[in-house]
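Counting from 1, the numbers follow the sequence of the chain as shown. Read the numbers this way: they start at 1 and go in the same order the structure lists the ligands and their atoms. All figures in this text were calculated on a predicted structure; none of them were measured in a lab.
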Amino acid sequence: MIRAIIISNILLFLVLIGCNPDPVNPFSIPDEVLPFVESFEEEAAKRGVSLVIDELIVEYGTELESSSGGEAIGQCFVPNSRNPIPRIVIDTASFAWKQNEFSRELLMFHELGHCILDRLDHRDDRLSNGNFASLMLTSSNNLYGPKLNNFKREYYIDELFDINTPEPDWAKDIPAYEDLTAAKVRKFIDEFDDNRFSWPFNFGGETKGSIADGQFQFASDIPDQALSTAIQLALDQGLDYEIELDIKIESGENLALFQWGGTREAGDFFFAGFSRDGFFFGGQWGIGSASTLELPDFDPDGFNKLTIRKIGQFYYIYANETFAEIYEVEELPGNLIGFFVGSQTSMKVDYLRINELR
Ligand SMILES: [Zn+2]
């Protein structure tokens, strides 16, 4: 009897232990995520915000869901009475995690904004130039990166720690297309009357483009394979210049881009252009996309004009003569200019014109 009672007590004890949750380590962060948490603390300190993160769990997960039920690449579970430790789950298979250190930082800082700074709401309004106002935006976007838009990082991190941060000067630097005062001196023009500049169209024995009826036509009919064609044309980054072209995406759903400053060996270029569904894309292949912006007056079935003006230390980019984006001028990897067409997509270009601006 006594023995039986002892045994049942032991069983009860075991059952009780079994019901207790494992003790939770209040600070559990994977090694590759830790530097972002540390730099978050450093960025806070630089801005006079005293922040020591000693309770945070970061885990990897897939098929994450946003609060509105859509797909998400990161999630923050704010502390509550049952789970008092803030917890972040990130999808390491996501493009944002894989692209580069800056897109990783944007993802982590966004979730830390929710979980550590108590910024529970998203902020989707725009700055005067059309760029997003906050990295606490609903969608994932490359607001800054290592090239072209690195100068924007400081503002976005200021705003993360202080939502009342005023608009930065660069967001108000929106020169109207027609306000250009410099004289234009023609440096290059191809109206595609013939292939006088020897655009290469031969890919592995197959012809993927042509010049006919005053238009350049280029297409990739290969699934999952984009194509790029280029010629030599050196651009002097010490001078100001303007590149203009009319691009039409004739069929397919993918990208049609102009590329400049490229190298043949590395296949590296700066790029700017459009997607069929009316987004501007800009970036450098070595680092990926620098920005993706929805265009207000894009014609999906016609030609859309792309203008890239290099003036001083900035590129001002226009779509259909409306300001679209500002980038910082970078050293060019090489002397190739050309076109890129996404897989199973066909593009046309009506003219390509490059002027020096004096
Ligand atoms: Zn969020």
Side-chain angles (χ1 to χ4, degrees), residues 26-30 32-44 47 49 51-127 130-145 149-150 152-165 167-168 171 279 288-294:
F27 191 79
S28 165
I29 300 174
E32 52 180 352
V33 177
L34 195 58
F36 297 104
V37 176
E38 288 166 351
S39 85
F40 187 81
E41 289 174 324
E42 284 160 23
E43 296 295 345
R47 289 159 177 84
V49 178
L51 199 67
V52 178
I53 300 172
D54 51 10
E55 292 198 336
L56 177 67
I57 296 168
V58 179
E59 293 167 346
Y60 296 152
T62 51
E63 293 176 28
L64 310 181
E65 240 183 52
S66 70
S67 50
S68 55
E71 264 180 58
I73 53 172
Q75 253 179 313
C76 153
F77 297 88
V78 291
N80 59 36
S81 53
R82 283 181 61 194
N83 297 298
I85 316 290
R87 188 163 66 94
I88 291 171
V89 184
I90 49 172
D91 183 353
T92 50
S94 64
F95 184 64
W97 186 257
K98 289 196 279 191
Q99 186 177 212
N100 60 45
E101 289 297 298
F102 290 79
S103 55
R104 274 183 194 200
E105 177 180 281
L106 278 160
L107 171 57
M108 274 312 298
F109 279 20
H110 178 102
E111 299 308 332
L112 291 166
H114 287 315
C115 259
I116 301 295
L117 302 178
D118 281 333
R119 286 193 61 168
L120 302 185
D121 295 329
H122 284 137
R123 181 177 176 195
D124 290 315
D125 60 320
R126 310 276 183 144
L127 300 169
N131 282 178
F132 283 103
S134 173
L135 66 77
M136 295 308 296
L137 78 169
T138 306
S139 60
S140 150
N141 202 298
N142 296 310
L143 303 173
Y144 58 80
N149 54 7
N150 188 263
K152 298 178 183 178
R153 182 178 181 272
E154 189 180 354
Y155 161 75
Y156 283 109
I157 296 180
D158 285 349
E159 193 278 341
L160 177 64
F161 291 102
D162 178 4
I163 198 168
N164 296 313
T165 299
E167 262 203 333
F279 283 81
S289 162
S291 51
T292 311
L293 296 162
E294 193 165 10

A.B. asks: Between E105 and Y144, is there a side-chain donor-acceptor contact under 3.5 Å, judged purely by atom types and distance?
C.D. replies: yes
A.B. asks: Step by step, would you call F161 with F109 a ring-ring contact (aromatic ring centres under 6.0 Å, His included)?
C.D. replies: CA-CA 10 Å; F161 291 102; F109 279 20; 7.4 Å; no
A.B. asks: Which pairs count as disulfide bond (SG atoms under 2.5 Å apart) when at least one residue sits in residues 51-91, sequence neighbours excluded?
C.D. replies: C76-C115
A.B. asks: Is it the case that R126 places NZ or CZ above or below the six-membered ring of F132, under 6.0 angstrom from the centre and within 45 degrees of the axis?
C.D. replies: yes
A.B. asks: Quick one: name the protein N/O/S atoms under 2.8 Å from the Zn ion (ligand 1), chain by chain.
C.D. replies: H110 NE2, H114 NE2, H122 NE2
A.B. asks: Please answer whether the main-chain N or O of I85 pairs with a side-chain N or O of N83 as donor and acceptor at a distance below 3.5 Å.
C.D. replies: no
A.B. asks: For a 4.5 angstrom cut-off between non-hydrogen side-chain atoms, does V89 reach Y60?
C.D. replies: no
